[in-house]
Amino acid sequence: MTAELKASRSDATLLLTFANPGQRNAFDGDVLAAAIETLSKAERDDAIRVVVLTGADRDFCGGIEAGKDLATQIGILENLQNLVETLRSFPKPVIAAIEGIAIDAGFSLALACDLVVAGQSATFGVSSSQIGIWSVGGAGWFLPKALPPQWVAEILLDAAPLNASRLHAAGLVNKLATDGAVADKALEWAERLAALPPAAFEQFKALLDNASTTTLAEYFSLERHGVLTKRPGAV
């Protein structure tokens with residue numbers, strides 16, 4: 001069977017499920033492109049207020065399917081990078097619901113989401129095959145912004161998966177859930193977030209993205225701009 005992206009609705013939440021039987025839900029180029037297109041449509045659909053990403057068969061994602069030639073590998077990597085950028089600029093809340101493994105591309109995708117719910121037995125990390133390359137979709141960019149250098153060195157060099165409880169303690173995982181119930185917990189959270197004014201989260205993400213690249217004075221200016229240009233429905 002080939003990889004596919006499954007989409008379903010639960011009230012105002014769009015649930016996207018990565019499925020690649022026998023390959024621990026590894027991404028291929030087509031699935032990544034489908035995810036970008038689906039998120040683009042979801043951004044324009046006012047009925048969709050929250051997105052949840054998960055994987056089929058008790059795994060999130062074990063990486064990307066390596067192409068047989070370099071051009072194919074680069075093409076898949078670029079699709080992955082485009083998906084990560086799409087998630088970072090997406091104006092609505094995105095929750096990663098992680099069961100099983102989130103390795104390499106799966107780890108980067110989880111880091112790119114706004115919120116993470118993980119099963120007690122879930123594991124995260126970068127595989128030994130990526131040491132010295134780290135072409136996994138941005139993990140090497142996200143991690144130094146969230147963790148001390150020693151943590152980053154351990155994750156990128158040791159290649160030993162980290163369990164969800166340890167990343168929960170570090171703040172990279174928001175909530176822990178019983179194995180097998182992660183998607184349900186994420187959907188429950190999504191339902192609460194869907195009740196918030198849509199503009200509030202969009203403005204929050206804009207402020208958060210600018211916080212690391214601006215001075216405090218510039219950030220204060222952005223806050224004032226947010227008040228002056230407040231959209232209807234924002235708090």
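Start at 1 with the first residue, then count along the sequence. All heavy atoms count here, side chains included; hydrogens, waters and symmetry mates do not.
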Would you say [X]'s side chain and [Y]'s backbone share a donor-acceptor pair under 3.5 angstrom?
X	Y	answer
Asn174	Leu115	no
Trp134	Leu156	yes
Arg88	Ala112	yes
Lys92	Pro198	no
Asp59	Ile101	yes
Lys205	Phe90	yes

Minimum heavy-atom separation for [X] and [Y], please, with both atom names.
X	Y	answer
Gly137	Leu77	N-CD1, 4.4 Å
Ser10	Leu187	CB-CD2, 4.4 Å
Cys61	Ala26	SG-CA, 4.2 Å
Ala139	Pro144	O-CD, 4.3 Å
Ala190	Val52	CB-CG2, 4.0 Å
Ser121	Asp179	OG-OD2, 2.5 Å

State whether the number of non-hydrogen atoms from other residues, nucleotides or ligands found under 6.0 Å of Asp45 atom CG is greater than 12.
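Correct, the count exceeds 12.
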Heavy-atom count check: over 12 atoms from other residues, nucleotides or ligands less than 6.0 Å from Asp158 CG?
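Yes, the 6.0 Å shell around CG holds more than 12 heavy atoms from other groups.
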Say you draw a straight line from [atom1] of [X] to [atom2] of [Y]; how long is it, rounded to the nearest 0.5 Å?
X	Y	atom1	atom2	result
Asn25	Glu99	CG	CD	11.5 Å
Asp114	Leu193	CG	CG	9.5 Å
Ile103	Gln130	CD1	CD	11.5 Å
Ile98	Leu53	CD1	CG	8.0 Å
Leu16	Thr54	CG	OG1	10.0 Å
Glu43	Glu202	CD	CD	8.0 Å

Relative to Trp141, does Lys145 satisfy both conditions: NZ or CZ under 6.0 angstrom from the six-membered ring centre, and within 45 degrees of the ring's axis?
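Verdict for Trp141: a cation-pi partner in Lys145.
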Assigning hydrophobic clusters by single linkage (Ile, Leu, Val, Met, Phe, Trp, Tyr; side-chain heavy-atom cutoff under 4.5 Å), is [X] placed with [Y]?
X	Y	answer
Phe124	Ile64	yes
Ile36	Ile95	no
Leu15	Leu87	no
Phe107	Val94	yes
Leu176	Val117	no

Heavy atoms, side chains only, cut-off 4.5 Å: are Leu14 and Thr38 in contact?
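Sidechains of Thr38 and Leu14: in contact.
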Determine whether Phe204 and Leu196 make a side-chain contact, defined as any pair of heavy atoms from C-beta on separated by less than 4.5 Å.
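Of all side-chain heavy-atom pairs linking Leu196 with Phe204, none is under 4.5 Å.
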Report the C-alpha separation of Leu111 and Leu143 in whole Å, then their side-chain angles, then the decisive distance to 0.1 Å, and conclude whether the side chain to side chain contact (heavy atoms under 4.5 Å, CB included) test is met.
CA-CA 8 Å; Leu111 293 170; Leu143 290 170; 4.0 Å; yes
Decide side chain to side chain contact (heavy atoms under 4.5 Å, CB included) for Leu70 and Ile74; before the verdict, give the C-alpha distance in whole Å, the side-chain angles of both, and the deciding distance to 0.1 Å.
CA-CA 6 Å; Leu70 184 59; Ile74 292 297; 4.3 Å; yes
With a 3.5 Å cut-off and no angle check, do the side chains of [X] and [Y] form a donor-acceptor pair?
X	Y	result
Asp28	Gln23	no
Thr123	Asn163	no
Arg9	Thr13	no

Test Asn82 against Leu32 for side chain to side chain contact (heavy atoms under 4.5 Å, CB included), laying out the working first.
CA-CA 9 Å; Asn82 289 337; Leu32 293 167; over 6 Å; no
Using the salt bridge (Lys or Arg N to Asp or Glu O under 4.0 Å) rule, take Glu191 and Arg49 through it: C-alpha gap first, then chi angles, then the decisive distance, then the call.
CA-CA 9 Å; Glu191 184 177 351; Arg49 306 286 289 272; over 6 Å; no
Can you list the steps and then say if Val152 with Phe142 is a side chain to side chain contact (heavy atoms under 4.5 Å, CB included)?
CA-CA 10 Å; Val152 178; Phe142 287 112; over 6 Å; no
Pair Glu188 + Arg192: basic N to acidic O under 4.0 Å:
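Salt bridge flag = no for Arg192 with Glu188.
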